[in-house]
There are 2 protein chains.
Amino acid sequence: MRSYGQLCAVAKALDAVGDRWTLLIVRELLIRGAARYTDLHTGLPGIATNLLAERLRELEQSGVVRRYDAPPPVATALFELTERGRDLEPVLDALGRWGGPLLAEPDPAAAFQTHWLALPARLRLSDHEPDRRPITVELRTGDEPLTLTTRDGRIDARPGAAETPDLVLDGPPQIVIGVLLGTLEPDQAQAHGLRHEGDIALLRRVQPRTPGARPNDLISPTVA
Amino acid sequence: MRSYGQLCAVAKALDAVGDRWTLLIVRELLIRGAARYTDLHTGLPGIATNLLAERLRELEQSGVVRRYDAPPPVATALFELTERGRDLEPVLDALGRWGGPLLAEPDPAAAFQTHWLALPARLRLSDHEPDRRPITVELRTGDEPLTLTTRDGRIDARPGAAETPDLVLDGPPQIVIGVLLGTLEPDQAQAHGLRHEGDIALLRRVQPRTPGARPNDLISPTVA
DNA sequence: CAGCATCCGCTTTGATACTG
DNA sequence: CAGTATCAAAGCGGATGCTG
């Protein structure tokens, strides 16, 4: 992109990561750690392959992304964030918090991939009772299951099913997101297609405590 | 802009404010409060006038900006952020913190306007001794002076000179920024053109205490 | 003058095809 | 798998003109 040419920290940041797709590439790398080109391409539905290649080059150039050859027997190129790149997490966090309410608008054409939930899960959920036995929540709401586990007061998110989940949530993505973030009450969520197995009361242990999210905020009137 | 079409809070946020210039328009409105079209245009050097008009329309559409007619005798249109728009402040804050180190690269072509300092001043400086007499710092480093004053532990920034400043800083923008944020030691700053009148020791009262910014971080080796 | 709209050349993006 | 090549469409930047 052409530089804004302004001696301003915000403008300089946007010079580096303000291009179309760039921050979503960072999102993918924050979620996945190291990733292959193909992983990034499938995690960013809609991106043109030449753009992905060009953005990765620019991000490498600006010190946000590191590219390296995976050791044998993998023998493929991998991309990962540098420390400077991981420093973008607060930017993604702020954008995600601001954008959260926008998920309420029904958008039937929107793509959804379960691993996208890993970022809000790590940034916005936590374990309020870290001294009790760890718990495992399995989400079934997209292309693959996602498993959340508590560890040291924080939440880990990993793709795949859990062996012995304490709670399984199954339903439309918007509803699962809403019930996880506490913007949708469980009974409301069930009316919108949420199904669960296990102890739904465990949710309170990980939901954000911060007020500010009013109940049903995430669900627009047309849905609710 | 074309939507990313992804059910992800970050992608939705970028759908709304990811367009070129959009977040810089929000920056101007965060700094200025209410602003006229012409104020925005001069505060955003390089933007095409039709783009500014189009972005303002989009921001109004998405509930970020409110447009209204100023009461007589002003009789001009004013733009200001809605509450939803002011909620973008953490996004600008995160971007600015990440972009701060990029200001170190010398960029002779870059434009600079003093009022841009008002945002980092409010977000990153504070008064660590709010019970003492308020202080006033005048910055002379761009198109117009900027005056910082302490109030209730926070920092107000207003354009214009101070009547009786406790400290006046004068010098190149990068140097003044560095010395304010504490990434440049006063003696180093003086070697790079900083001049001051008054009590330079007052700086410690408002500089960020957060570590993380290492001395001279803001000044690249080629400058320092 | 403030607040745009129009026009035009240039750059960026998106979609698809192709390659080592 | 990991891209490059190609080309049409959309977006942007700059200049200019219009309107209250």
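Below, all heavy atoms of this structure are taken into account, side chains as well, without hydrogens, waters or symmetry copies. Note that the structure is a prediction, hence the values are computed from the model and not measured. Every chain is numbered from 1 and lettered A, B, ... according to where its sequence line falls, protein lines coming before strand lines.
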Take B:Q174 and B:H192 through the side chain to side chain donor-acceptor pair (under 3.5 Å) test and state the conclusion after the steps.
CA-CA 10 Å; B:Q174 291 173 318; B:H192 290 98; over 6 Å; no

Looking at A:I135, is its backbone amide N or carbonyl O close enough to the side chain of A:T150 to form a donor-acceptor pair, meaning the two atoms are under 3.5 Å apart?
yes

Indicate whether OP1 or OP2 belonging to D:dG13 is found under 4.0 Å from a side-chain N or O atom of B:R20.
yes

The first and last nucleotides of DNA chain C lying within contact of chain B, meaning any atom under 4.0 Å from one of its heavy atoms, run from C:dA2 to C:dA15

Sub-3.5 Å donor-acceptor pair from the side chain of B:Y37 to the main-chain atoms of B:L52, do we have one?
no

Any donor-acceptor N/O pair, B:D87 side chain to A:W98 backbone, under 3.5 Å
no

Contact list please: residues 31-68 of chain A against DNA chain D, heavy atoms, distance less than 4.0 Å, in numerical order.
A:R36, A:Y37, A:T38, A:T49, A:N50, A:A53, A:R57, A:R67

Looking at A:R67 and A:E60, is there a salt bridge between them, counting it only when a charged N and a carboxylate O are closer than 4.0 Å?
no

Would you say the side chain of B:L95 lies within less than 4.5 Å of the side chain of A:L14, judging by non-hydrogen atoms?
yes

Result of checking B:V168, B:L167, B:D170 against B:E197 for side-chain contact (heavy atoms from CB on, under 4.5 Å):
B:V168

Report yes if the side chains of B:E89 and B:R27 come closer than 4.5 Å at any heavy-atom pair, otherwise no.
no

